[in-house]
Amino acid sequence: MRISELDLPAPVKEFYERSGIKELYPPQAEAVKKGFLEGRSLLAAIPTASGKTLLAEMAMLKSISHGGKALYIVPLKALASEKFERFRQFETLGVRTGISTGDYDSRDEWLGDRDIIVATSEKADSLLRNGAPWLSSLTIVVADEVHLIDSANRGPTLEVTLARLRRLNPSLQIIALSATIGNAKELAGWMGAELVVSDWRPTTLKEGVFFGRAINFQDEKRVISTPGPDEVLALVSDTLAEGGQCIVFTNTRKSSEGIAQKVAKSLSKKLTEEEKAAFQDIKQQVLRHAETDTCARLAACVEHGAAFHHAGLKNEHRRIVEDEFRRNRIKVIACTPTLAAGLNLPARRVIIKDYRRYDVNYGSVPIPVLEYKQMAGRAGRPGLDPYGEAVLIAKTHDEMGELMDNYVLSEPEHITSKLGTEPALRSHVLSAIATDLCRDESDLYDFMDTTFYAYQRGDLSAVIKNVLDFLEAERMVVRSGDRLNASELGRLVSRLYVDPLSASIIVRALEAAKKRGEPYQKEIALLQLICATPDVRPLYLRRSDYGWVVKYTEDHIDDFLTEVPGAGDETDFEAFLATVKTAALVDMWINERNEEEITSFYSIGPGDVRSLMESCVWLMHATAEISGLLRAPVTTEARELAVRIEHGISRELMDLIELEGVGRVRARKLYDAGFRDRETLKKADEAAVAAVLGEKVAAKVLAQLGRKDVAATTGPDDTIGQSTLLLFHE
DNA sequence: CCTTCAGTATTTTAGACAGCATGTC
DNA sequence: CTAAAATACTGAAGG
């Protein structure tokens with residue numbers, strides 16, 4: 001089927017033809033036949049890279065051409081930016097795109113007149129809670145990676161959001177894009193959508209199991225050209241010898257780094273001069289954000305054309321690795337499942353080194369077929385590789401057979417809704433009440449009856465009753481007769497997007513603070529409080545941490561606002577210690593200990609510090625808001641702490657940090673040089689400031705203070721303007 | 001008395017969303 | 001109901 005035959009506005013067809021797309025892929029053609037261009041909902045359960053995005057695009061553009069408005073829901077912030085960049089190309093068609101994630105946001109009024117809005121599922125949920133007016137004018141919603149409904153953490157948000165959007169506009173067109181799953185039909189049934197299921201791929205994918213010296217595919221065998229004792233190394237060398245790139249999936253960060261190092265070592269022997277130069281360039285890029293151990297190790301690897309990739313890395317480093325791999329400069333990435341889903345990063349050969357993964361409840365368990373298929377699907381760059389290969393590794397002959405049966409020849413699992421638990425329902429029930437979506441209990445049941453959970457599993461009312469009891473006991477929901485109302489606290493909690501359980505922990509602590517009277521000055525207490533909420537994942541408490549954490553706890557025993565468990569309950573006490581350990585890290589951060597010191601002391605990656613601080617800022621903000629409502633004596637303190645955690649600074653730098661382009665490092669330099677606040681800086685000698693910050697930055701900073709004598713040079717010379725944490729390192 | 005090495009006990013273990021205000025990625 | 005690899009520790013043999 002040709003683009004030109006489609007029922008799309010002429011400019012849209014021209015747009016695609018100009019970019020070289022003339023013919024539809026078979027699954028796309030099937031979708032057209034099922035009528036998605038006539039406004040029918042569609043579930044496309046097809047492999048990555050087989051043109052799912054194009055389907056969504058055409059449906060959105062069609063809908064927009066009739067005056068419609070589209071929401072594109074993604075699971076990852078990084079994916080949101082990727083799609084946003086892509087859809088901005090539609091500007092030539094007069095179609096305007098906006099983005100809304102926790103990181104950035106086109107302002108509300110702006111979103112209102114955008115034609116396409118890209119958002120994460122949580123942000124979409126949050127927009128619903130805050131009653132964004134434009135939501136009711138949506139005509140089409142795209143749910144990318146919709147199989148994530150299966151996820152216990154984030155799946156419920158996605159399905160509730162979809163259910164709410166449908167209630168808002170019953171004729172809403174839904175385009176759901178999914179990996180191949182076992183029960184696509186069931187999911188489509190819930191959404192009232194047509195179904196397209198296909199295994200078709202633009203590049204052929206060969207899946208096999210490596211054993212001995214050969215990869216055993218379903219109906220052929222490939223003997224490795226470069227055998228060796230290390231299976232992974234042998235497979236990698238074999239790919240490289242053919243001129244392909246490789247991704248190795250592992251189950252721990254350590255193992256990903258180990259493999260990257262091994263590969264780097266073996267590569268280092270046979271580099272061309274040209275490659276050496278390129279790798280030096282990448283190394284310099286990496287070192288620009290340097291300091292920590294992790295960073296040094298990464299630099300040592302990329303120097304030889306290999307890299308590792310996991311959540312302990314800073315986003316900047318991840319991006320460098322991804323980009324350089326795409327440019328075919330980095331040859332091999334060893335990674336944890338960070339790269340399994342989402343971003344488009346194909347390679348000739350994908351090696352799945354570990355098919356088991358540790359799980360807190362069950363020990364090491366085999367990964368689901370669905371996940372295997374997602375990793376395998378990364379193999380083969382369309383148009384560049386003749387084919388893609390996905391390889392599992394077996395140690396015994398028996399294991400080879402098992403892997404063949406259980407993964408290569410297996411169908412992906414069914415996905416199931418995880419909405420049926422109290423933690424999942426707490427926040428959604430509160431939100432439904434707070435936004436007046438549901439006015440009484442039966443209303444609530446009716447609404448929840450439209451979720452995938454209800455469609456698949458049935459009745460939710462028992463759990464909902466428990467959740468309502470909790471919300472009433474915590475005074476977030478008030479009953480008057482049949483009518484359910486959210487209290488002021490309830491509305492605030494729903495808007496702040498924190499777990500009601502977190503809020504109740506905070507409320508309890510703030511009441512304790514109130515009893516003590518006086519403005520409450522102990523910062524460690526507030527830090528420990530937010531670390532004790534389920535919205536912050538505490539650090540792992542090692543045996544070797546026990547000593548100092550207990551000591552630290554004893555030193556602050558009178559300060560804590562949450563209840564210290566008695567020595568009776570071992571598990572509770574350990575959990576408490578973990579929150580203290582985490583709070584101690586945040587304390588180090590806001591007392592300006594350097595990143596290196598923190599990461600090595602806690603043996604975590606810089607990326608972990610960043611993500612922990614992000615959630616702490618968010619919860620500290622929530623604490624300040626709740627404190628304000630409750631008139632608890634910590635509002636100012638919490639506000640201040642939120643700023644300090646965001647930037648990693650002590651109190652005395654709070655004035656300087658307001659300056660654009662000044663982060664924790666520069667603020668400290670200025671302060672120590674005697675420029676203690678913006679007022680002082682205003683009167684300062686330009687040369688003296690330049691001596692501290694360097695000329696360019698100094699000029700930029702002084703220009704903000706209304707110093708007309710300084711010529712503000714504009715240019716992308718540094719990171720000025722971004723609001724990200726941990727940026728201003730030198 | 002110190003070093004070395006093998007056998008054994010212990011430790012550790014993936015990922016990533018959200019507020020708000022500001023300015024346009 | 002369920003694991004496995006890396007690391008730390010221990011003790012005996014050897015220098």
Side-chain angles (χ1 to χ4, degrees), chain A residues 73-82 84-85 88 96-108 110-111 114 118-127 129-130 148 151-158 249-256 258 309-313 315 318 335-342 354 356-367 371 395 427 492-499 502 535-537 540-545 603 605 607-608 610-612 614-626 639 642-643 646 658 660 716 720-724:
Chain A
I73 300 176
V74 292
L76 260 34
K77 286 189 285 191
L79 217 47
S81 326
E82 193 182 278
F84 177 60
E85 288 307 323
R88 273 182 357 145
R96 290 180 302 173
T97 306
I99 184 170
S100 182
T101 71
D103 280 355
Y104 27 68
D105 209 349
S106 315
R107 212 184 309 172
D108 253 13
W110 278 72
L111 290 179
R114 304 275 105 164
V118 183
T120 54
S121 33
E122 284 76 11
K123 190 64 184 193
D125 184 21
S126 170
L127 289 165
R129 292 178 185 211
N130 292 295
L148 247 81
S151 142
N153 302 326
R154 306 185 50 206
T157 305
L158 179 53
F249 284 100
T250 65
N251 67 35
T252 65
R253 294 177 183 185
K254 207 169 243 167
S255 140
S256 74
H309 188 290
H310 57 62
L313 290 184
N315 289 178
R318 293 200 216 181
C335 63
T336 55
T338 14
L339 288 183
D354 306 297
R356 292 170 171 283
R357 185 162 53 233
Y358 172 80
D359 178 297
V360 264
N361 301 313
Y362 303 114
S364 120
V365 289
I367 59 170
E371 217 170 299
K395 291 188 185 59
S427 107
L492 179 64
V493 170
S494 168
R495 191 163 52 79
L496 290 171
Y497 211 77
V498 293
D499 184 338
S502 296
D535 279 314
V536 172
R537 195 182 55 183
Y540 181 81
L541 185 75
R542 290 198 195 81
R543 199 50 88 201
S544 52
D545 293 323
S603 49
D608 299 310
R610 153 88 125 290
S611 74
L612 178 64
E614 270 174 11
S615 32
C616 286
V617 170
W618 167 51
L619 268 139
M620 195 54 87
H621 167 78
T623 305
E625 295 286 307
I626 295 174
R639 282 219 179 97
V643 174
E646 182 175 359
E658 297 293 321
E660 233 179 274
I720 282 175
Q722 300 208 19
S723 64
T724 5

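Computed from a predicted structure; not experimentally measured.
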Problem set entry | Test side-chain hydrogen bond (donor to acceptor under 3.5 Å, both in side chains) applied to A:Arg154 and A:Thr120, step by step | CA-CA 11 Å; A:Arg154 306 185 50 206; A:Thr120 54; 5.9 Å; no

For this session: Check step by step if side-chain contact (heavy atoms from CB on, under 4.5 Å) holds for A:Thr97 and A:Phe84.
Result: CA-CA 7 Å; A:Thr97 306; A:Phe84 177 60; 3.6 Å; yes

Tell me: [atom1] of [X] to [atom2] of [N], nearest whole Å?
{"X": "A:Leu111", "N": "B:dT24", "atom1": "CG", "atom2": "P", "result": "16 Å"}
{"X": "A:Glu660", "N": "B:dA21", "atom1": "CD", "atom2": "P", "result": "17 Å"}
{"X": "A:Asn130", "N": "B:dA21", "atom1": "CG", "atom2": "C1'", "result": "14 Å"}

For this session: For the residue pair A:Thr336 and A:Arg357, confirm or rule out a side-chain donor-acceptor distance under 3.5 Å.
Result: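 There is no such pair (donor and acceptor under 3.5 Å, judged by atom type) between the side chains of A:Thr336 and A:Arg357.
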
Exercise. Quick one: does A:Asp545's side chain get under 4.5 Å of A:Tyr540's, heavy atoms only?
Worked result: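 Result no, sub-4.5 Å side-chain heavy-atom pair not found.
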
Problem set entry | Touch class at under 4.0 angstrom, heavy-atom based, for A:Glu85 against every strand present |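 Answer is sugar-phosphate: A:Glu85 comes under 4.0 Å of backbone atoms only.
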
For this session: In sequence, state the C-alpha distance, the side-chain angles, and the governing distance for A:Thr338 and A:Arg318, and then conclude on side-chain hydrogen bond (donor to acceptor under 3.5 Å, both in side chains).
Result: CA-CA 10 Å; A:Thr338 14; A:Arg318 293 200 216 181; 5.6 Å; no

Problem set entry | Paired nucleotide for B:dA16 [Watson-Crick or G-U wobble; both distances under 3.5 Å] |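 Pairing partner, where one exists within any strand: none, as none qualifies.
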
Exercise. Can A:Thr157 and A:Asp125 be said to form a side-chain hydrogen bond (donor to acceptor under 3.5 Å, both in side chains), step by step?
Worked result: CA-CA 7 Å; A:Thr157 305; A:Asp125 184 21; 4.8 Å; no

Exercise. So, does A:Asp354 use its side chain to make a donor-acceptor pair with the main chain of A:Arg356 at under 3.5 Å?
Worked result: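 Not confirmed, A:Asp354 side chain does not pair with A:Arg356 backbone.
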
Problem set entry | Donor-acceptor under 3.5 Å (A:Arg253 side chain, A:His310 main chain) |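 A pair under 3.5 Å: no.
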
Exercise. Would you write out the dot-bracket form of DNA chain C, 5' to 3', with Watson-Crick and G-U pairs under 3.5 Å, [ ] for crossing pairs, | for pairs to other strands and . for unpaired bases?
Worked result: ..|||||||||||||

Exercise. With sequence neighbours left out, what residues match A:Arg96 under salt bridge (charged side-chain N to carboxylate O under 4.0 Å, His left out)?
Worked result: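 Once residues adjacent in sequence are excluded, the partners of A:Arg96 under the salt bridge (charged side-chain N to carboxylate O under 4.0 Å, His left out) criterion are A:Asp113.
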
For this session: Quote, to the nearest angstrom, the C1' distance that separates B:dC17 from C:dA3.
Result: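 Here B:dC17 and C:dA3 have their C1' atoms 30 Å from each other.
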
For this session: Could you measure between the two C1' atoms, the one in B:dA16 and the one in C:dC1, and give it in whole Å?
Result: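 The answer is 30 Å between these two C1' atoms.
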
For this session: Scan nucleotides 8-18 of chain B nucleotide by nucleotide, 5' to 3', and note B when protein non-hydrogen atoms come under 4.0 Å of the base, S if they reach only the sugar-phosphate, - if neither.
Result: ---SBBBBBSB

Problem set entry | Closest-nucleotide 5' rank along DNA chain C - winner of A:Lys395 and A:Asn361 |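 Taking each residue's closest nucleotide, the earlier one in sequence belongs to A:Asn361.
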
